[in-house]
Asks: 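Pasting a structure below so you can have a look.
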There are 2 protein chains.
Amino acid sequence: MVNKEEFRRKVILTAGQIFSRYGFRKTTMEEIATALKMGKSSIYYYFDSKEEIFEAIVRNEANILRNELTTAIKSVDSPVDKMKKYVFVRMKSFEKLANYYNAIFDKNLDHFDFIEQIREKYDREELAILRLILYHGSRKNVFSIVNSEYTALAIQTTLKGLEVPLFWKKREVNIESRLNAILDVLFNGILRKQ
Amino acid sequence: MVNKEEFRRKVILTAGQIFSRYGFRKTTMEEIATALKMGKSSIYYYFDSKEEIFEAIVRNEANILRNELTTAIKSVDSPVDKMKKYVFVRMKSFEKLANYYNAIFDKNLDHFDFIEQIREKYDREELAILRLILYHGSRKNVFSIVNSEYTALAIQTTLKGLEVPLFWKKREVNIESRLNAILDVLFNGILRKQ
DNA sequence: GAATTATCGACCAAATTATTCGAAAACTTT
DNA sequence: AAAGTTTTCGAATAATTTGGTCGATAATTC
């Protein structure tokens, strides 16, 4: 290995796949070790505990999601497109992250607070992004909103509502159509009638 | 519950889903019990052990497969269609059963012999069916075969070969196309040129 | 209301599993 | 090539999980 940090990333990637498939409890250190072609005790050279690995994974996955989102809204120009893109990509990428949230339910619920921290931070950042898009959109007169702060909160609430079926992992629920419906409602509501 | 047997079937169905998803080891009695909305000790009123449940599942699944196959070949008339149908349905339905075979690898390999028994019985029955189809086909002059016994064995061997990728569970393997290719080869080989 | 059938909580022994630790490789640096 | 550093691992341990038992207790049938 080139350095410690690089190997940590490798562990996070490998363990991430197994955790997201089997959940926290059903994934053993030995499985992770075997997938990494090492003895399980070697992993403890890089991580202090199974939980630390898991937490690193969630943090990592949250970062990936954040990056996906920022590049997504940079890829289009108009505030309307930015907002549409944001909502769409957010829900699509969130599916991966939802696996880990589910794994936490599988995990000891005592350690629930750490993910709440990550989530709070993420929510704050999201609000800022939404607010910015809305602000520019209202300046350019394509959004007819009174207060971008409140509207951003409303949209975020809707997005959180969309998450729920992802958690309950019912494969029958068609996220796509539900998402499109909400996008429609959202924009017919806030777009200035022309 | 109406009677004991009926509840056993319910357990088999429920546990079957969990076993096929997580394998033998990773499925706990408590999970099965929770899925059945009971205490885990209650299950022992119907089954003696975790293994007995598992074995009942495999037996049950093998029966379902057998039924699917016999109704499938009854649904068509000509020997050629019967043979095509048989090979096709056999491979399609086998996918479910393969999950349990995989679960056995996960299980203690000491108890491998019981599945061998089921498998042997199943193989014998299969050979009889194949032989019958071939026999009628050659009587009606649509199969150009010397000995329906040997040809049945050859076809069964091919089918077993098709199973292998199912065991190795690589989702990348496209069973369908492989299956069609083999159906083609099989029939261009044994169908009388006209 | 006795007898039978079904469920469950508490418990145990065995197995599994996360984690520790010292020592041995493997690799760097002097 | 010796001394130091980093990385890996086997064996042991401590904690947890889990299959299974048993007696008590509901629920149902007779």
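Labels below follow one simple rule: chain letters A, B, ... track the order of the sequence lines, proteins then strands, and each chain is numbered from 1.
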Asks: Going by the rule salt bridge (Lys or Arg N to Asp or Glu O under 4.0 Å), which residues pair with B/E30 if we only count those two or more places apart in sequence or in a different chain?
Replies: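 B/E30: no salt bridge (Lys or Arg N to Asp or Glu O under 4.0 Å) contacts found.
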Asks: Under the rule for side chain to side chain contact (heavy atoms under 4.5 Å, CB included), what residues qualify as partners of B/K50, not counting sequence neighbours?
Replies: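 Expected list: B/F19, B/F24, B/M29.
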Asks: Let me have a per-nucleotide readout for nucleotides 23-30 of chain C, 5' to 3', with B, S or -, counting only protein heavy atoms under 4.0 Å.
Replies: --------
Asks: Return the set of residues passing side chain to side chain contact (heavy atoms under 4.5 Å, CB included) with A/Y122 (not counting sequence neighbours), or none when no residue passes.
Replies: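 Counting only residues at least two positions away or on another chain, A/Y122 forms a side chain to side chain contact (heavy atoms under 4.5 Å, CB included) with A/L65, A/L69, A/Y86, A/R90, A/R119, A/E126.
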Asks: Taking only residues two or more places apart in sequence or in another chain, which ones pass salt bridge (Lys or Arg N to Asp or Glu O under 4.0 Å) with A/R66?
Replies: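 Scan of A/R66 (salt bridge (Lys or Arg N to Asp or Glu O under 4.0 Å), adjacent residues dropped) gives A/E125.
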Asks: Who passes side chain to side chain contact (heavy atoms under 4.5 Å, CB included) against B/S75, sequence neighbours left out?
Replies: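 B/S75: side chain to side chain contact (heavy atoms under 4.5 Å, CB included) contacts with B/K85.
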Asks: Apply salt bridge (Lys or Arg N to Asp or Glu O under 4.0 Å) to A/E120 and list each qualifying residue two or more places apart in sequence or on a separate chain.
Replies: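 Residues passing salt bridge (Lys or Arg N to Asp or Glu O under 4.0 Å) with A/E120: none at all.
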Asks: Under 3.5 Å, side chain of A/R8 to main-chain N/O of A/F47, donor-acceptor pair present?
Replies: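 Judged by distance alone, no pair lies under 3.5 Å.
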Asks: What string of B, S and - do you get for nucleotides 8-22 of chain C, 5' to 3', when a contact is any protein heavy atom under 4.0 Å?
Replies: BB------SSBBBB-
Asks: Rounded to whole Å, how long is the line connecting atom CD of A/E6 with atom C1' of D/dT6?
Replies: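 Rounding to the nearest Å, CD of A/E6 and C1' of D/dT6 are 16 Å apart.
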Asks: Taking atom C1' of C/dA6 as reference, at what distance in whole Å does atom CD of B/E5 sit?
Replies: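 The answer, rounded to whole Å, is 16 Å.
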Asks: Would you say D/dT8 has OP1 or OP2 under 4.0 Å from some side-chain N or O of A/Y45?
Replies: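 No.
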Asks: Take the C1' atoms of the five end pairs on each side of the helix from C/dG1-D/dC30 to C/dT30-D/dA1, derive the two axes, and give their angle rounded to 10 degrees.
Replies: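 Its terminal axes enclose an angle near 20°.
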Asks: Output all residues satisfying side-chain hydrogen bond (donor to acceptor under 3.5 Å, both in side chains) with A/S93, sequence neighbours left out; order by chain, then residue number.
Replies: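 Expected list: A/E68.
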Asks: Write out all pairs satisfying salt bridge (Lys or Arg N to Asp or Glu O under 4.0 Å) with one or both partners inside residues 130-158 of chain A, taking only residues at least two apart or from two chains.
Replies: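 Matches after skipping sequence neighbours: A/R131-A/E149.
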Asks: To the nearest Å, how far apart are B/K4 NZ and D/dT29 C1'?
Replies: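 It works out to 15 Å between those atoms.
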Asks: Can you pull the salt bridge (Lys or Arg N to Asp or Glu O under 4.0 Å) pairs that have at least one residue in residues 72-82 of chain A, sequence neighbours excluded?
Replies: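 Sorted result for residues 72-82 of chain A: empty, none.
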